[in-house]
Amino acid sequence: AAAAALGQIGNPAAARVLHDYQPRAPQELQLVVADACLVCAERLVAADQRTEAASLYRILSASPQPAHVHHASTRGLAALTSF
């Protein structure tokens, strides 16, 4: 619930917490934290905080993730770099 709430908050402070927690989250929470990272990144993009969003997308695209998470993170990162 905490990870999902941080994703919904979607500010730079929440992004930092998620970014730091994602690599060390227990296996059973990996997908929940990844989803929270994606939600947070989308909110950051909407708030024009592209650097923070890119950081979340990068950590997800560079780590072992389910295909849909990897696809969403690489697509989000590509969208940021196409501007």
pair V39-Q8: side-chain heavy atoms closer than 4.5 Å: yes
Could you state the interatomic distance from [atom1] ([X]) to [atom2] ([Y]), rounded to the nearest 0.5 Å?
X   : Y   : atom1 : atom2 : result
R50 : L77 : CZ    : CG    : 10.0 Å
R58 : L80 : CZ    : CG    : 8.5 Å
L38 : L18 : CG    : CG    : 10.5 Å
R24 : L29 : CZ    : CG    : 12.0 Å
Q49 : C40 : CD    : SG    : 9.0 Å

Shared hydrophobic cluster, [X] / [Y] (ILVMFWY, side-chain heavy atoms < 4.5 Å):
X   : Y   : result
I9  : V17 : yes
V69 : I59 : yes
L6  : L60 : no

Work out which heavy atom in [X] is nearest to a heavy atom in [Y]; give both atom names and the distance.
X   : Y   : result
H19 : S55 : CD2-OG, 3.1 Å
R43 : G7  : CD-O, 3.5 Å
A3  : A36 : O-CB, 3.0 Å
L56 : A15 : CD2-O, 3.7 Å
Q65 : A34 : OE1-CB, 3.6 Å
L44 : P12 : CD2-N, 3.8 Å

Working for side chain to side chain contact (heavy atoms under 4.5 Å, CB included), residues E42 and Y57: CA-CA 10 Å; E42 290 173 7; Y57 287 138; 3.9 Å; yes
Step-by-step side chain to side chain contact (heavy atoms under 4.5 Å, CB included) determination, L31 to H68: CA-CA 10 Å; L31 192 55; H68 68 282; 3.8 Å; yes
